[in-house]
Amino acid sequence: MTSLPSVLGTLDPTSDRAVFRQIADQLREAIDRGRFKEGEKLPSEAELVEHYGVSRMTVRNSFSILTGEGLVHAEHGKGVFVRPRPPVRRLASDRFARRHREQGKSAFIVEADAAGSHPQVDSLEVKEEKASQDISTRLGSVRRVLARRRRYLLDGRPVEFATSYLPLDIARGTQIAEPNPGPGGIYARLEELGHHLDHFEEEIRARMPSPAEVKTLRLAAGVPVIHLVRTAFDTEGRAVEVCDTVMAADAYVLSYQLPAT
(Lines give C-alpha, C1' and ligand atoms only; values in the text may rest on other atoms or scores of the structure.)
Protein backbone atom coordinates (compact mmCIF):
# COMPACT_ATOMS: atom_id res chain seq x y z
CA MET A 1 0.00 0.00 0.00
CA THR A 2 1.18 3.55 -0.78
CA SER A 3 2.32 5.47 2.31
CA LEU A 4 -0.56 7.33 3.95
CA PRO A 5 1.01 10.82 3.88
CA SER A 6 1.14 10.65 0.07
CA VAL A 7 -2.47 9.46 -0.21
CA LEU A 8 -4.28 11.18 2.63
CA GLY A 9 -3.94 14.75 3.83
CA THR A 10 -3.97 16.18 7.29
CA LEU A 11 -6.78 17.43 9.48
CA ASP A 12 -7.72 21.11 9.58
CA PRO A 13 -7.91 22.09 13.24
CA THR A 14 -9.52 25.43 12.32
CA SER A 15 -12.43 23.81 10.46
CA ASP A 16 -15.84 23.56 12.06
CA ARG A 17 -16.35 20.25 10.23
CA ALA A 18 -16.20 17.29 12.61
CA VAL A 19 -12.91 15.38 12.58
CA PHE A 20 -14.51 12.06 11.59
CA ARG A 21 -16.17 13.77 8.63
CA GLN A 22 -12.87 15.28 7.53
CA ILE A 23 -11.31 11.81 7.57
CA ALA A 24 -14.25 10.39 5.60
CA ASP A 25 -13.87 13.24 3.06
CA GLN A 26 -10.21 12.41 2.52
CA LEU A 27 -10.82 8.68 2.16
CA ARG A 28 -13.68 9.35 -0.25
CA GLU A 29 -11.50 11.63 -2.38
CA ALA A 30 -8.74 9.02 -2.45
CA ILE A 31 -11.23 6.39 -3.64
CA ASP A 32 -12.69 8.73 -6.28
CA ARG A 33 -9.20 9.51 -7.57
CA GLY A 34 -8.34 5.83 -7.81
CA ARG A 35 -5.70 5.90 -5.12
CA PHE A 36 -7.57 3.03 -3.53
CA LYS A 37 -8.72 0.64 -6.26
CA GLU A 38 -11.88 -1.46 -6.42
CA GLY A 39 -11.59 -4.37 -4.02
CA GLU A 40 -8.52 -2.87 -2.33
CA LYS A 41 -8.27 -2.81 1.43
CA LEU A 42 -8.32 0.61 3.07
CA PRO A 43 -5.80 1.52 5.77
CA SER A 44 -6.58 -0.24 9.03
CA GLU A 45 -8.04 1.47 12.08
CA ALA A 46 -4.62 1.37 13.74
CA GLU A 47 -2.93 2.96 10.73
CA LEU A 48 -5.49 5.77 10.54
CA VAL A 49 -5.34 6.33 14.30
CA GLU A 50 -1.58 6.77 14.01
CA HIS A 51 -1.78 8.94 10.87
CA TYR A 52 -4.40 11.35 12.17
CA GLY A 53 -3.74 11.14 15.90
CA VAL A 54 -7.37 10.34 16.70
CA SER A 55 -9.26 7.64 18.60
CA ARG A 56 -10.43 4.35 17.13
CA MET A 57 -14.05 5.45 17.57
CA THR A 58 -13.40 8.49 15.40
CA VAL A 59 -12.01 6.26 12.64
CA ARG A 60 -14.93 3.87 12.97
CA ASN A 61 -17.36 6.76 12.58
CA SER A 62 -15.54 7.74 9.37
CA PHE A 63 -15.85 4.20 8.03
CA SER A 64 -19.55 4.20 8.93
CA ILE A 65 -20.12 7.24 6.72
CA LEU A 66 -18.44 5.58 3.73
CA THR A 67 -20.29 2.33 4.36
CA GLY A 68 -23.59 4.19 4.43
CA GLU A 69 -22.73 5.78 1.11
CA GLY A 70 -22.09 2.35 -0.39
CA LEU A 71 -18.45 3.16 -1.17
CA VAL A 72 -16.90 0.52 1.09
CA HIS A 73 -17.83 -2.68 2.88
CA ALA A 74 -16.37 -4.35 5.93
CA GLU A 75 -15.32 -8.00 6.06
CA HIS A 76 -15.21 -9.38 9.57
CA GLY A 77 -11.65 -10.00 10.71
CA LYS A 78 -10.19 -8.74 7.43
CA GLY A 79 -10.81 -5.01 7.21
CA VAL A 80 -12.65 -2.43 5.14
CA PHE A 81 -12.55 -2.69 1.35
CA VAL A 82 -13.48 -0.45 -1.59
CA ARG A 83 -16.72 -1.72 -3.08
CA PRO A 84 -16.46 -2.87 -6.72
CA ARG A 85 -18.27 -0.79 -9.33
CA PRO A 86 -21.33 -2.23 -11.10
CA PRO A 87 -20.20 -5.17 -13.28
CA VAL A 88 -23.29 -5.42 -15.50
CA ARG A 89 -24.39 -2.89 -18.08
CA ARG A 90 -28.10 -3.35 -18.70
CA LEU A 91 -28.67 -1.98 -22.21
CA ALA A 92 -32.41 -1.39 -22.54
CA SER A 93 -32.39 -1.04 -26.34
CA ASP A 94 -30.75 -4.44 -26.88
CA ARG A 95 -31.54 -6.82 -24.00
CA PHE A 96 -34.89 -7.99 -25.41
CA ALA A 97 -33.85 -8.13 -29.07
CA ARG A 98 -35.49 -11.04 -30.88
CA ARG A 99 -32.13 -12.26 -32.17
CA HIS A 100 -31.16 -13.21 -28.61
CA ARG A 101 -34.28 -15.34 -28.19
CA GLU A 102 -33.67 -16.97 -31.56
CA GLN A 103 -30.19 -17.89 -30.28
CA GLY A 104 -31.79 -19.45 -27.21
CA LYS A 105 -30.53 -16.77 -24.84
CA SER A 106 -32.52 -14.97 -22.17
CA ALA A 107 -31.81 -11.31 -21.41
CA PHE A 108 -29.94 -12.18 -18.22
CA ILE A 109 -27.63 -14.61 -20.02
CA VAL A 110 -26.89 -11.97 -22.67
CA GLU A 111 -25.90 -9.46 -19.98
CA ALA A 112 -23.84 -12.02 -18.07
CA ASP A 113 -21.95 -12.95 -21.24
CA ALA A 114 -21.20 -9.28 -21.93
CA ALA A 115 -19.89 -8.86 -18.37
CA GLY A 116 -17.78 -12.04 -18.61
CA SER A 117 -19.64 -13.50 -15.63
CA HIS A 118 -21.16 -16.89 -14.87
CA PRO A 119 -24.99 -16.67 -14.59
CA GLN A 120 -27.12 -18.79 -12.26
CA VAL A 121 -30.78 -18.92 -11.27
CA ASP A 122 -32.03 -20.28 -7.96
CA SER A 123 -34.92 -19.94 -5.47
CA LEU A 124 -37.26 -20.81 -8.33
CA GLU A 125 -40.98 -21.00 -7.60
CA VAL A 126 -43.74 -21.41 -10.18
CA LYS A 127 -47.37 -21.38 -9.10
CA GLU A 128 -50.86 -20.11 -9.86
CA GLU A 129 -52.15 -17.40 -7.55
CA LYS A 130 -54.62 -14.55 -7.19
CA ALA A 131 -53.45 -11.37 -8.90
CA SER A 132 -52.88 -8.28 -6.77
CA GLN A 133 -54.87 -5.20 -7.72
CA ASP A 134 -51.84 -3.63 -9.37
CA ILE A 135 -50.93 -6.72 -11.41
CA SER A 136 -54.56 -7.28 -12.38
CA THR A 137 -54.82 -3.72 -13.68
CA ARG A 138 -51.61 -4.00 -15.67
CA LEU A 139 -52.71 -7.29 -17.27
CA GLY A 140 -56.19 -6.15 -18.20
CA SER A 141 -58.27 -7.06 -15.11
CA VAL A 142 -57.27 -10.72 -14.86
CA ARG A 143 -58.14 -12.44 -11.57
CA ARG A 144 -55.52 -15.18 -11.43
CA VAL A 145 -52.03 -15.41 -12.83
CA LEU A 146 -49.12 -17.77 -13.20
CA ALA A 147 -46.29 -16.38 -11.05
CA ARG A 148 -42.66 -17.27 -11.73
CA ARG A 149 -40.28 -16.20 -8.95
CA ARG A 150 -36.52 -16.57 -9.23
CA ARG A 151 -33.27 -15.12 -7.98
CA TYR A 152 -30.41 -14.33 -10.36
CA LEU A 153 -26.73 -14.66 -9.43
CA LEU A 154 -23.52 -13.62 -11.16
CA ASP A 155 -20.41 -15.56 -10.18
CA GLY A 156 -22.28 -16.79 -7.12
CA ARG A 157 -23.40 -13.34 -5.97
CA PRO A 158 -27.16 -12.56 -5.87
CA VAL A 159 -27.85 -9.49 -8.02
CA GLU A 160 -31.61 -9.47 -8.57
CA PHE A 161 -34.89 -11.11 -7.65
CA ALA A 162 -37.73 -11.14 -10.14
CA THR A 163 -41.33 -12.29 -10.37
CA SER A 164 -43.11 -12.64 -13.71
CA TYR A 165 -46.90 -12.63 -13.80
CA LEU A 166 -48.71 -14.07 -16.83
CA PRO A 167 -52.43 -14.50 -17.59
CA LEU A 168 -53.52 -18.09 -17.00
CA ASP A 169 -55.28 -18.35 -20.36
CA ILE A 170 -51.86 -17.91 -21.96
CA ALA A 171 -49.53 -19.76 -19.60
CA ARG A 172 -51.47 -22.64 -18.05
CA GLY A 173 -50.51 -26.03 -19.48
CA THR A 174 -47.57 -24.67 -21.46
CA GLN A 175 -43.82 -24.88 -21.00
CA ILE A 176 -44.02 -21.44 -19.38
CA ALA A 177 -45.54 -23.20 -16.37
CA GLU A 178 -42.54 -25.54 -16.11
CA PRO A 179 -39.53 -24.75 -13.91
CA ASN A 180 -37.34 -24.58 -17.02
CA PRO A 181 -39.18 -22.73 -19.80
CA GLY A 182 -36.53 -23.71 -22.35
CA PRO A 183 -34.06 -21.82 -24.56
CA GLY A 184 -34.77 -18.10 -24.86
CA GLY A 185 -36.93 -18.05 -21.73
CA ILE A 186 -40.60 -17.22 -21.40
CA TYR A 187 -40.53 -14.58 -24.13
CA ALA A 188 -39.48 -17.17 -26.69
CA ARG A 189 -42.34 -19.42 -25.51
CA LEU A 190 -44.85 -16.54 -25.72
CA GLU A 191 -43.90 -15.93 -29.34
CA GLU A 192 -44.20 -19.62 -30.13
CA LEU A 193 -47.73 -19.42 -28.73
CA GLY A 194 -48.55 -16.63 -31.18
CA HIS A 195 -48.00 -13.65 -28.90
CA HIS A 196 -45.33 -11.86 -30.92
CA LEU A 197 -43.80 -9.18 -28.75
CA ASP A 198 -44.21 -5.60 -29.90
CA HIS A 199 -42.87 -3.40 -27.10
CA PHE A 200 -42.13 -3.11 -23.39
CA GLU A 201 -42.95 -0.42 -20.86
CA GLU A 202 -40.76 0.01 -17.79
CA GLU A 203 -41.19 1.96 -14.57
CA ILE A 204 -38.02 2.44 -12.52
CA ARG A 205 -37.39 3.85 -9.09
CA ALA A 206 -34.59 3.70 -6.56
CA ARG A 207 -35.23 3.06 -2.87
CA MET A 208 -33.72 1.49 0.20
CA PRO A 209 -34.34 -2.26 0.53
CA SER A 210 -36.72 -4.03 2.86
CA PRO A 211 -35.22 -6.43 5.44
CA ALA A 212 -36.34 -9.37 3.28
CA GLU A 213 -34.61 -7.88 0.22
CA VAL A 214 -31.40 -7.30 2.20
CA LYS A 215 -31.42 -10.99 3.12
CA THR A 216 -32.34 -12.28 -0.35
CA LEU A 217 -29.75 -10.18 -2.18
CA ARG A 218 -27.17 -10.25 0.64
CA LEU A 219 -26.92 -6.49 0.53
CA ALA A 220 -24.32 -4.62 2.53
CA ALA A 221 -25.32 -1.66 4.68
CA GLY A 222 -26.09 1.47 2.68
CA VAL A 223 -26.72 -0.26 -0.65
CA PRO A 224 -30.05 0.74 -2.25
CA VAL A 225 -32.07 -1.26 -4.75
CA ILE A 226 -33.46 -0.51 -8.18
CA HIS A 227 -37.13 -1.48 -8.39
CA LEU A 228 -38.21 -2.06 -11.97
CA VAL A 229 -41.67 -3.06 -13.18
CA ARG A 230 -41.85 -4.06 -16.85
CA THR A 231 -44.94 -4.86 -18.90
CA ALA A 232 -44.62 -6.78 -22.18
CA PHE A 233 -47.16 -6.16 -24.95
CA ASP A 234 -47.83 -8.29 -28.03
CA THR A 235 -48.57 -6.96 -31.51
CA GLU A 236 -52.30 -6.97 -30.73
CA GLY A 237 -51.70 -4.54 -27.88
CA ARG A 238 -52.35 -7.08 -25.14
CA ALA A 239 -50.28 -7.07 -21.96
CA VAL A 240 -48.93 -10.62 -21.80
CA GLU A 241 -46.51 -10.38 -18.87
CA VAL A 242 -45.60 -8.14 -15.96
CA CYS A 243 -42.15 -8.59 -14.43
CA ASP A 244 -41.50 -7.08 -11.00
CA THR A 245 -37.73 -6.94 -10.43
CA VAL A 246 -35.62 -5.78 -7.50
CA MET A 247 -31.93 -5.31 -8.32
CA ALA A 248 -28.89 -4.60 -6.17
CA ALA A 249 -28.01 -1.05 -7.22
CA ASP A 250 -24.29 -1.68 -6.86
CA ALA A 251 -24.44 -4.50 -9.41
CA TYR A 252 -25.90 -2.66 -12.41
CA VAL A 253 -25.55 0.30 -14.72
CA LEU A 254 -28.82 1.02 -16.54
CA SER A 255 -28.05 2.19 -20.08
CA TYR A 256 -30.61 3.71 -22.45
CA GLN A 257 -30.57 4.96 -26.01
CA LEU A 258 -33.21 7.62 -26.69
CA PRO A 259 -34.30 8.95 -30.09
CA ALA A 260 -33.57 12.61 -30.78
CA THR A 261 -36.78 13.17 -32.77
Side-chain angles (χ1 to χ4, degrees), residues 88 90-113 117-154 158-204 210 212-213 215-217 225-247 252:
V88 180
R90 191 180 175 107
L91 183 60
S93 61
D94 180 73
R95 67 190 312 266
F96 296 123
R98 182 167 284 108
R99 70 178 185 280
H100 298 318
R101 296 193 293 277
E102 292 174 347
Q103 294 170 359
K105 294 184 177 181
S106 66
F108 183 68
I109 291 177
V110 171
E111 291 168 346
D113 287 348
S117 298
H118 174 63
Q120 293 175 274
V121 179
D122 71 1
S123 304
L124 181 66
E125 178 187 53
V126 183
K127 68 175 184 176
E128 296 182 10
E129 63 185 40
K130 181 180 178 181
S132 68
Q133 182 61 52
D134 177 63
I135 297 300
S136 176
T137 299
R138 293 175 186 271
L139 288 176
S141 300
V142 301
R143 293 185 177 182
R144 293 185 63 78
V145 293
L146 179 78
R148 295 182 55 89
R149 294 181 174 86
R150 64 274 190 200
R151 183 175 67 166
Y152 294 100
L153 302 89
L154 288 176
V159 293
E160 67 177 85
F161 184 82
T163 304
S164 289
Y165 301 95
L166 300 102
L168 283 185
D169 67 293
I170 293 177
R172 176 182 278 171
T174 72
Q175 195 171 355
I176 295 173
E178 299 296 324
N180 182 357
I186 62 175
Y187 290 154
R189 303 294 81 75
L190 283 169
E191 295 204 316
E192 289 172 356
L193 292 169
H195 296 278
H196 297 283
L197 299 177
D198 180 75
H199 69 281
F200 302 88
E201 295 180 0
E202 291 187 339
E203 299 174 7
I204 303 172
S210 68
E213 290 165 346
K215 182 178 180 180
T216 298
L217 295 175
V225 293
I226 300 168
H227 188 184
L228 185 152
V229 179
R230 179 181 64 252
T231 305
F233 294 86
D234 66 13
T235 53
E236 300 299 319
R238 181 181 180 182
V240 294
E241 182 239 15
V242 173
C243 187
D244 189 319
T245 303
V246 176
M247 299 178 284
Y252 285 96

Given V246, V159, V121, D122, the one that forms side chain to side chain contact (heavy atoms under 4.5 Å, CB included) with R151: D122

Which of R143, R238, R144 passes salt bridge (Lys or Arg N to Asp or Glu O under 4.0 Å) with D169? It is R238

Locate the shortest heavy-atom distance separating A177 from G173; write the atom from each residue and the value. CB-N, 4.5 Å

Interatomic distance, NE2@H199 vs CG@D234, rounded to 0.5 Å, equals 9.5 Å

Any chance you could measure C243, atom SG, to F200, atom CZ, to the nearest 0.5 Å? 10.0 Å

If you measure from OG1 on T231 to CD on E203, what distance do you get to the nearest 0.5 Å? 7.0 Å

To the nearest 0.5 Å, atom CG of D244 lies from atom CD1 of I135 at 6.0 Å

Could you tell me whether the side chain of E236 reaches within less than 4.5 Å of the side chain of H195, counting heavy atoms only? no

For Y165, what residues pass the ring pair (Phe, Tyr, Trp, His ring centres under 6.0 Å) criterion, not counting sequence neighbours? none

How far does OG1 of T174 sit from CG of L190, to the nearest 0.5 angstrom? 8.0 Å

Find the distance between CD (E202) and CG (L228) and round it off to the nearest 0.5 Å. 4.5 Å

In this structure, which one of L146, L197, I176, L166 forms a side chain to side chain contact (heavy atoms under 4.5 Å, CB included) with E241? L166

Given 3.5 Å as the limit, does a donor-acceptor pair link the side chain of R189 with the main chain of P181, or not? yes

Could you tell me which non-hydrogen atom of T216 sits nearest to which non-hydrogen atom of P158, and how far apart they are? O-CB, 3.7 Å

Taking the side chain as every heavy atom from C-beta outward, state whether E213 and F161 have any atom pair closer than 4.5 Å. no

Would you check if L139 and V242 make a side-chain contact, meaning some heavy-atom pair closer than 4.5 Å? yes

Tell me which one of R148, R230, R150 satisfies side-chain hydrogen bond (donor to acceptor under 3.5 Å, both in side chains) with S164. R150

